[in-house]
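Throughout, a chain's letter reflects where its sequence line sits, starting with A, and its residues are numbered from 1. Hydrogens, waters and symmetry mates are skipped; everything else that's a heavy atom, side chains included, is used. Remember, it's a predicted structure, so these values are computed and weren't measured experimentally.
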Number of protein chains: 2
Amino acid sequence: MTLNASLGYALLNTLKADRFPGRRGVLAQKIKLSTIADALGVSTATVSLALRDSPLVADNTRQRIKEYARNIGYIYNRRAASLRTSRSGIIGVVVHDIMNPFYAEILRSIEGELDRSRQTFLLSNHYDQLEKQRTFIDTLLQLGADGIIMSPAIGTPAEDVRMAEENGLPTVLIARDVDGANVPVFRGDDAYGISLATNHLISLGHSRIAMIGGTDHTSTGRDRYRGYVAAMQNAGLEVKPEWRFPGPRTKQAGFEIAGAFLAAKDKPTAAVCWSDLVAIGLMNGIARAGLVPGRDISVTGYDDLEEAAIATPALTTVWNGQREVGRRAARVLLDRLNGAEVAPTHELIKPELHVRQSSGKPVER
Amino acid sequence: MTLNASLGYALLNTLKADRFPGRRGVLAQKIKLSTIADALGVSTATVSLALRDSPLVADNTRQRIKEYARNIGYIYNRRAASLRTSRSGIIGVVVHDIMNPFYAEILRSIEGELDRSRQTFLLSNHYDQLEKQRTFIDTLLQLGADGIIMSPAIGTPAEDVRMAEENGLPTVLIARDVDGANVPVFRGDDAYGISLATNHLISLGHSRIAMIGGTDHTSTGRDRYRGYVAAMQNAGLEVKPEWRFPGPRTKQAGFEIAGAFLAAKDKPTAAVCWSDLVAIGLMNGIARAGLVPGRDISVTGYDDLEEAAIATPALTTVWNGQREVGRRAARVLLDRLNGAEVAPTHELIKPELHVRQSSGKPVER
């Protein structure tokens with residue numbers, strides 16, 4: 001241990017004793033690493049590594065050390081320790097909204113990767129508010145976090161990403177891109193994915209196909225709309241402005257737009273939806289109007305969420321690789337933290353069409 | 001600023017300069033609070049408060065200070081600062097699984113409360129693994145977090161809660177109780193809530209009612225099953241072991257159990273489900289089997305998730321007050337942090353029945 005590290009502990013103990021009378025019992029005892037090391041017959045270095053969850057220490061040894069430390073009331077103080085080490089063990093993750101199962105599925109796979117590396121993950125929603133996203137980045141900088149994985153808020157300027165990077169917060173983007181941000185990006189190939197769904201409907205005989213949901217303010221929304229338009233035009237089909245219903249991004253919004261969709265000019269026979277949530281909401285709205293989705297109206301989703309397969313009818317949709325996106329983003333960030341040179345790649349994960357019951361031959365109403 | 005605080009900064013700067021060559025540019029400049037204060041004509045105390053997001057500083061002043069600080073490359077280091085202040089600004093939240101919309105709705109309301117108090121929230125899933133929950137509590141202690149809100153993992157011993165409390169981590173429980181933990185608990189009145197759903201089905205004329213989902217290993221599962229049994233017995237109805245299908249807690253599991261439920265002895269005409277997720281999955285499974293849920297079989301849910309109202313058919317369910325649970329738990333924790341004496345109350349939020357389309361008169365198959 002260096003002089004500086006001892007100073008860090010001393011300072012902490014002084015302050016704790018001064019200002020946290022409730023914690024004095026534990027912390028003022030000044031339990032030393034060597035107390036634990038001697039008791040268990042391991043080195044102080046092993047104790048230190050085990051207490052900060054280093055993967056260098058075998059699992060059972062680590063558990064034995066942590067259990068012993070907990071029993072004698074030793075609390076390893078990561079704040080003091082992080083002043084001496086180059087890693088805080090914290091990675092920030094910020095997305096639009098964790099209540100959206102699309103992000104929840106990405107988060108689950110990020111969590112799986114970070115768990116294996118014993119990183120703690122600090123989560124925030126930005127609800128597409130730039131200020132909220134900036135506050136979170138500030139907090140991570142203040143905590144000395146190791147890095148951030150973000151699905152950037154609508155309108156995120158490249159400067160915000162650069163600011164994080166320049167202040168020592170390696171950044172990886174998921175699901176959405178930021179023009180000019182020179183960092184790794186992992187997302188699905190949206191234009192290609194939506195063309196799979198659109199071409200599937202065209203091959204069933206549909207020619208009047210609406211596009212429902214999404215927004216031009218995100219790369220995802222723009223790319224999916226472009227992909228739909230391109231697929232229609234490639235098949236020589238007309239794209240009518242009245243068949244586009246931008247906006248919906250939730251089940252509720254998909255449900256609410258069903259009336260307008262069913263009343264649209266020239267009665268489209270099918271709907272390509274921006275997401276599974278919108279598609280499932282729309283199907284519920286169609287059913288509420290007395291029609292049978294999948295028979296009277298064909299509907300496709302996007303994402304292949306877990307519930308797509310068990311919806312009524314089972315949803316034809318585009319698998320969007322969200323687990324892959326989360327896994328690869330976490331891996332590349334961990335690689336960067338371990339000192340690997342990582343090019344600012346833009347990785348597009350290739351989507352796949354999953355055909356189920358919600359799409360069939362066109363039926364005139 | 002005290003001597004200790006200066007030491008903290010000095011130590012940090014030394015280490016940063018030594019070990020983070022990449023960060024030297026920013027941190028080695030030793031920008032002082034007074035630089036910012038002088039430039040903006042405010043006191044150094046105001047700058048310090050603003051940089052740690054104190055609500056004592058007016059919003060526009062705070063934003064002006066943070067923007068200026070960001071522009072000149074000043075990063076407020078919360079780790080160093082938290083050695084001098086009694087609050088880290090971090091609150092931990094641990095639940096079974098954020099992918100479950102029940103918890104997501106609770107988290108959203110916790111987040112709303114914490115945001116207003118400028119607390120950062122550190123989130124973890126425990127997936128009902130005690131070891132994972134313990135690791136998270138350890139991490140919070142290491143970070144010097146201010147408190148924790150937890151929906152305890154199955155089998156959490158009271159000692160784990162006591163350990164957190166005794167080490168200066170005030171704890172509030174949500175959704176589930178821990179016997180012997182002497183801390184505030186906020187949850188719905190499960191026995192009463194399920195009796196509302198069961199009595200509703202009985203009043204429609206059902207006498208063969210199954211109970212689907214949940215587990216005896218949580219207070220929630222036990223209380224809901226007891227409430228169902230009590231309601232049946234109060235009405236003089238038989239409770240058959242074959243009509244209980246414990247286990248399912250997800251949409252997928254509800255979907256998969258539909259076959260067994262439909263084949264159950266004496267053909268129950270209705271199902272009281274442990275949650276909306278299970279009920280929606282079950283309805284999809286019933287529909288897949290060619291029957292119409294809400295007409296051929298009555299189904300009730302529990303929680304009144306956002307999607308209950310837009311399901312097909314719209315789900316009759318029990319509003320479980322999850323937003324209330326989150327809001328009150330966050331408030332009481334903030335009160336504790338602000339020094340208020342809070343009794344270890346056990347607050348049961350009164351559920352309400354919301355009747356929709358999924359429940360009707362019994363139909364013999």
Side-chain angles (χ1 to χ4, degrees), chain A residues 4 7-8 11-12 14-15 19-20 22-23 25-26 53 66 70 73 75-84 86 88-89 98-99 101 104-105 107-108 111 120-125 135-136 138-139 141-144 163 166-168 251-252 255 281 283-285 287-288 306-307 310-312, chain B residues 4 7-8 11-12 14-15 19-20 22-23 26 52-53 66 70 73 75-84 86 88-89 98-99 101 104-105 107-108 111 120-125 135-136 138-139 141-144 163 166-168 251-252 255 281 283-285 287-288 306-307 310-312:
Chain A
N4 281 339
L7 266 177
L11 175 61
L12 181 76
T14 311
L15 286 166
R19 308 199 180 180
F20 295 88
R23 294 187 190 181
V26 171
D53 283 327
K66 292 184 79 174
R70 190 189 291 126
I75 302 298
Y76 175 75
N77 193 296
R78 191 180 292 198
R79 281 181 294 161
S82 68
L83 295 174
R84 320 187 292 275
S86 58
S88 65
I98 53 155
M99 260 183 88
E105 290 186 7
L107 289 176
R108 182 170 279 182
E111 190 184 20
T120 297
F121 103 98
L122 183 57
L123 182 73
S124 185
N125 297 320
T135 301
F136 183 66
D138 271 2
T139 301
L141 291 170
Q142 290 167 19
L143 287 170
M163 197 276 291
E166 281 171 4
N167 285 295
K251 228 178 253 187
Q252 185 70 39
F255 179 78
M283 292 202 302
N284 283 325
R288 198 63 61 89
E306 285 179 358
E307 66 178 294
I310 64 170
T312 302
Chain B
N4 280 338
L7 265 178
L11 175 61
L12 181 76
T14 310
L15 286 166
R19 311 202 178 176
F20 296 88
R23 295 186 189 180
V26 171
R52 66 171 187 263
D53 282 328
K66 292 184 79 174
R70 190 189 292 128
I75 302 298
Y76 175 76
N77 192 294
R78 191 182 292 201
R79 281 181 294 161
S82 68
L83 296 175
R84 320 186 293 274
S86 60
S88 64
I98 54 156
M99 259 183 87
E105 290 186 7
L107 289 175
R108 182 170 279 181
E111 190 184 21
T120 297
F121 102 98
L122 184 56
L123 182 73
S124 185
N125 298 321
T135 301
F136 183 66
D138 272 1
T139 302
L141 290 170
Q142 289 166 19
L143 287 169
M163 197 275 292
E166 281 171 4
N167 284 296
K251 228 179 252 186
Q252 184 70 38
F255 180 78
M283 293 202 302
N284 283 326
R288 198 64 61 87
E306 283 178 358
E307 66 178 294
I310 64 171
T312 302

Asks: If the condition is side chain to side chain contact (heavy atoms under 4.5 Å, CB included), which residues does B/Ala104 pass it with, not counting sequence neighbours?
Replies: A/Met99
Asks: Under 4.5 Å heavy-atom distance to chain B, tell me which part of A/Glu307 shows up: side chain, backbone, both or neither.
Replies: side chain
Asks: Do A/Lys66 and B/Asp138 have side chains that get closer than 4.5 Å, going by heavy atoms?
Replies: yes
Asks: Ignoring hydrogens, what is the shortest heavy-atom contact between A/Leu123 and B/Ile98? Give both atom names and the distance.
Replies: CD2-CD1, 4.5 Å
Asks: Does B/Ser124 have any side-chain hydrogen bond (donor to acceptor under 3.5 Å, both in side chains) partners at least two apart in sequence or in another chain, and if so, which?
Replies: none
Asks: Using atom types as modelled and distance alone, determine if a side-chain donor or acceptor of A/Arg288 lies under 3.5 Å from a backbone N or O of B/Ala311.
Replies: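 Side chain of A/Arg288 to backbone of B/Ala311: a pair is present.
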Asks: Most heavy-atom pairs under 4.5 angstrom with chain A, which of B/Arg108, B/Glu306, B/Gln252, B/Met283?
Replies: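 Between B/Arg108, B/Glu306, B/Gln252, B/Met283, the count favours B/Arg108.
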Asks: Please tell me if the side chains of B/Thr312 and A/Thr312 come closer than 4.5 Å, counting only heavy atoms from C-beta onward.
Replies: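 No - every pair of side-chain heavy atoms lies 4.5 Å or more apart.
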Asks: Identify which part of A/Glu105 has an atom lying under 4.5 Å from any heavy atom of chain B, answering side chain, backbone, both or neither.
Replies: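 Its backbone and side chain both get close to chain B.
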